Amino acid sequence: MLALVVDVPAEVAEVAADALWSLGVLAVEEREGAPGRTELWTSLGDERDEVLAAVSGFPVEWRVRFEEVDDAVVDTWREFATPIPIDDGLVVVPSWRSDDVAPDAIAVRIDPGAAFGMGDHPTTVLCLRTLRPILATRTSPTVLDVGCGSGVLAVAAVRLGAADALAIDISPAAAAVTTENARRNGVEHAVHASTTPLAAVHGTYEVVLANILAPALVELAADLRRVLAPNGVLVVSGILADRHDHVLAALAPLRVARTDVLDGWAAVTLTH
Ligand SMILES: C[S@@+](CC[C@H](N)C(=O)[O-])C[C@H]1O[C@@H](n2cnc3c(N)ncnc32)[C@H](O)[C@@H]1O
């Protein structure tokens with residue numbers, strides 16, 4: 001099962017724990033974090049969407065990440081995982097399933113392992129749907145996937161025509177899982193996964209994807225602007241449809257080109 005880890009300044013640990021309890025989580029474990037910080041570990045459980053939506057409104061200095069905690073539960077979940085149709089012919093398939101997909105379909109085979117991203121979360125579906133026409137109108141663009149999790153977006157981007165994709169995540173598990181998923185899909189030559197922080201990424205990218213919760217997007221906003229090529233597009237998701245103005249404000253002067261909404265979540269496409 002994926003644990004939700006909220007890394008907060010030590011002095012607000014109690015307030016943050018209360019906020020998590022009020023979401024209805026079953027347990028909150030406090031662990032010592034980096035100097036001056038406390039980590040609150042809790043499970044996403046069945047209320048995944050509700051908890052993620054609520055966490056999305058947490059203050060910027062509360063850093064959120066996901067960690068694998070219990071393989072047994074993951075294995076139970078695996079039995080029920082099914083292929084996720086994204087849009088015309090694009091489908092994300094759990095790599096351990098042998099379902100038939102249409103011969104002309106683009107099947108992206110993913111095992112999320114200890115990372116976030118089976119392709120079924122509304123924000124991932126929105127990113128993939130948004131990505132498709134963007135890639136169709138550009139010639140082999142370069143892609144940066146910030147918060148790659150399982151690598152589903154980076155791998156799909158290369159399968160859909162990107163020249164290559166740099167996939168980064170603060171979770172070491174995510175980098176390893178992304179590399180493995182790239183290999184599964186025959187695009188390991190073009191997907192480069194690492195824990196390089198966005199602040200240390202040089203150069204610019206024509207397509208930048210960031211499916212990360214709002215507090216992290218706000219924190220990363222200046223670097224997201226910096227790595228976006230002059231003619232590039234930035235797609236941010238992980239944000240609530242009715243509460244993301246603060247993210248857009250942080251990304252200004254980037255301009256909103258379009259907003260797509262699914263199940264209360266939004267993906268916003270921005271340009272210079
Ligand atoms: C909602 S998941 C998205 C995973 C995948 N891109 C998808 O669409 O399924 C967000 C990911 O962002 C990562 N993350 C959170 N803060 C980050 C940061 N500051 N820099 C890079 N990755 C971050 C988390 O570890 C997590 O894997």
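These values consider heavy atoms only, across backbone and side chains, with no hydrogens, waters or symmetry-generated copies. Just so you know, ligand 1 is whichever comes first in the structure, and atom 1 is the first atom listed for that ligand. What you are looking at is a predicted structure, and each value in this text was computed from that prediction instead of being measured.
For residues 152-177, there are no salt bridge (charged side-chain N to carboxylate O under 4.0 Å, His left out) pairs, not counting sequence neighbours. Counting only residues at least two apart or on different chains, the salt bridge (charged side-chain N to carboxylate O under 4.0 Å, His left out) pairs with a member in residues 6-22 are D7-R37.
N181 and S150 form no side-chain donor-acceptor contact under 3.5 Å, judged by distance and modelled atom types alone.
Around the NE2 atom of H189, the shell of radius 6.0 Å holds more than 12 heavy atoms that belong to other residues, nucleotides or ligands.
As a member of the Ile/Leu/Val/Met/Phe/Trp/Tyr network built from side-chain separations under 4.5 Å, V101 groups with V91, V93.
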One pair per line, please: each N/O atom of ligand 1 matched with every protein N/O atom under 3.5 Å away, atom names first, then the distance to 0.1 Å.
from     : atom 1 : to   : atom 2 : distance (Å)
ligand 1 : 6 (N)  : G147 : O      : 2.9
ligand 1 : 6 (N)  : C148 : O      : 3.4
ligand 1 : 8 (O)  : T124 : OG1    : 3.1
ligand 1 : 8 (O)  : N211 : ND2    : 2.8
ligand 1 : 9 (O)  : T124 : OG1    : 3.0
ligand 1 : 22 (N) : I170 : N      : 3.4
ligand 1 : 25 (O) : D169 : OD1    : 2.7
ligand 1 : 27 (O) : D169 : OD2    : 2.7

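Taken to the nearest 0.5 Å, the CG atom of D120 stands 7.0 Å off from the CE atom of M118.
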